[in-house]
Amino acid sequence: MMLLKSIPKVDKFITNKAFEGLSKTLITKITKEILEKLRADILNNKIDKVDEDLLILEILNSYTNLTSSSLKPLINATGIIVHTNLGRSLLDEKIFKNAIRIATSYNNLEYDLKKGKRGERYEHITKSLKALTSCEDALVVNNNASAVFLILNTFCKNKEVVVSRGELVEIGGSFRVPEVMSQSGAILKEIGTTNKTHLRDYENAIDENSSMLMKVHKSNYSIEGFSSEVSFEEISEMAKKHNLIDYFDMGSGHIFDLPYNLSKDEPSILELMKSNPSLISFSGDKLLGSVQAGIILGKKELIEKLKKNQLLRMLRVDKITLALLEESLNLYLKNELDTIPTLKMLNTKIEVLETRANILKEKIEDFMNCEVLKTSTMVGGGTTPNKKIPSIALSLEFKDLKANKIEEILRKNLIISRIENDKVLLDFRTIKEDEIIQIEEILKKEFKNV
Ligand SMILES: *Cc1c(COP(=O)(O)O)cnc(C)c1O
């Protein structure tokens, strides 16, 4: 066991020139761990000599790993616009300008500048939401899941909430409507069947213990064939007749009508507001195209009650979220929708995508087999389930490399592609214009002259 004696001493080893200028605390911690592993390896006869240079390299690698960002920007070439795994909605750089000033200065987050007294955090955003949607009042929480929970907990604790069986959905990230409901204290009253629910089912379910008629957006599935559901407008009317709250968990939530006929079965927020709902809620970072947030619109007296729930303190949003959301809403108010990347991507004409695909094709076709294809993609994020939107893709083939190998090479370079019919596709619906040149450079590096 002579080898054990050649394990360096931590105190001395960390004074090595290679670690100059680095955090002593972190270097000490890493060194201890690596030397302990070395000791174990020696005892298990896994190694037969101690190489100090190698140890230094290992420590430096670990240091770099720990101190660099794990979150990385990448190129979404999947075509899915609101990609749940890739950060959902993008923000335009322009909307950060004001948020940076808010985050780096003191501000009037909870200060009424006119009165010189304590003000209210939610006021800032209410103004824009009222102007945009004509709602009576509004509230913003951490995300739409929080909005659902807060609403159920405030109005339906130990009371019945009527929901169609076709809408008891599970959404990615383990958000299941029946479970959220029971955790919030509300009692679920299921009505109808999986495929069909009628207005009379709602009416028949109402009794003295009812508090709310709730509609939930199906989000990530759709029912085809023999099916029917009741529109929120009808539910809303029925609720009012019986003095109950009507609430629509819209999921995604888009302000204006969507292109490609997507709005046919997906009424916009402006459309829904016409039926004068008690409450609706939706996400800030799905089709709205802003930051993670849960936005609640509705009757003033109900919003007031939500504000009095202690839970709100736990679900409240930060000033940076509010600043960014306000900027996004201002873009809607000024009709500058091209500065909302989610909408810009959705609205880009197919001819424009085709031109971009051809630009890349011309740069790489001398060393890769590629073809511009008409394809289709989806908005994603549980926004418009099973609805296809047209898109353009560039297929990539290289010598006899299998599609999954090419996909892997791209992924190592932070380009996320998709495979269809054994071919790797770069879908231009989600590739930003300035990313085309980056893709070109990566393809050249990986495939040219190899
Ligand atoms: C996405 C979604 C939620 C959750 O919204 P988050 O903003 O992700 O918290 C809740 N309900 C429905 C119907 C959804 O589609």
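Counting starts at 1 for both ligands and their atoms, in listed order. These values consider heavy atoms only, across backbone and side chains, with no hydrogens, waters or symmetry-generated copies.
- E229 has a carboxylate O that lies under 4.0 Å from a charged side-chain N of K218, or vice versa, which qualifies the two as a salt bridge.
- The cationic atom of K117 (NZ for Lys, CZ for Arg) does not lie both less than 6.0 Å from the six-membered ring centre of Y111 and within 45° of the ring axis.
- Salt bridge K241/E203: present, at least one basic N to carboxylate O contact under 4.0 Å.
- Of the charged side-chain nitrogens involved, at least one lies within less than 4.0 Å of a carboxylate oxygen, so that K412 and E408 count as a salt-bridged pair.
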May I have every N or O pair linking ligand 1 to the protein at under 3.5 Å, one per line with atom names and distance?
residue, atom, partner, partner atom, Å
ligand 1, 5 (O), S283, OG, 3.2
ligand 1, 7 (O), N144, N, 3.0
ligand 1, 7 (O), S283, OG, 2.7
ligand 1, 8 (O), R88, NH1, 3.2
ligand 1, 8 (O), R88, NH2, 2.6
ligand 1, 9 (O), N144, N, 3.2
ligand 1, 9 (O), A145, N, 2.8
ligand 1, 11 (N), D249, OD1, 3.2
ligand 1, 11 (N), D249, OD2, 2.7
ligand 1, 15 (O), S219, OG, 2.5
ligand 1, 15 (O), K286, NZ, 2.9

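- Distance CD1/I296 to OH/Y122: 9.5 Å, rounded to 0.5 Å.
- Between E407 and K405 there is no salt bridge, since no side-chain N of the basic residue sits under 4.0 Å from a carboxylate O of the acidic one.
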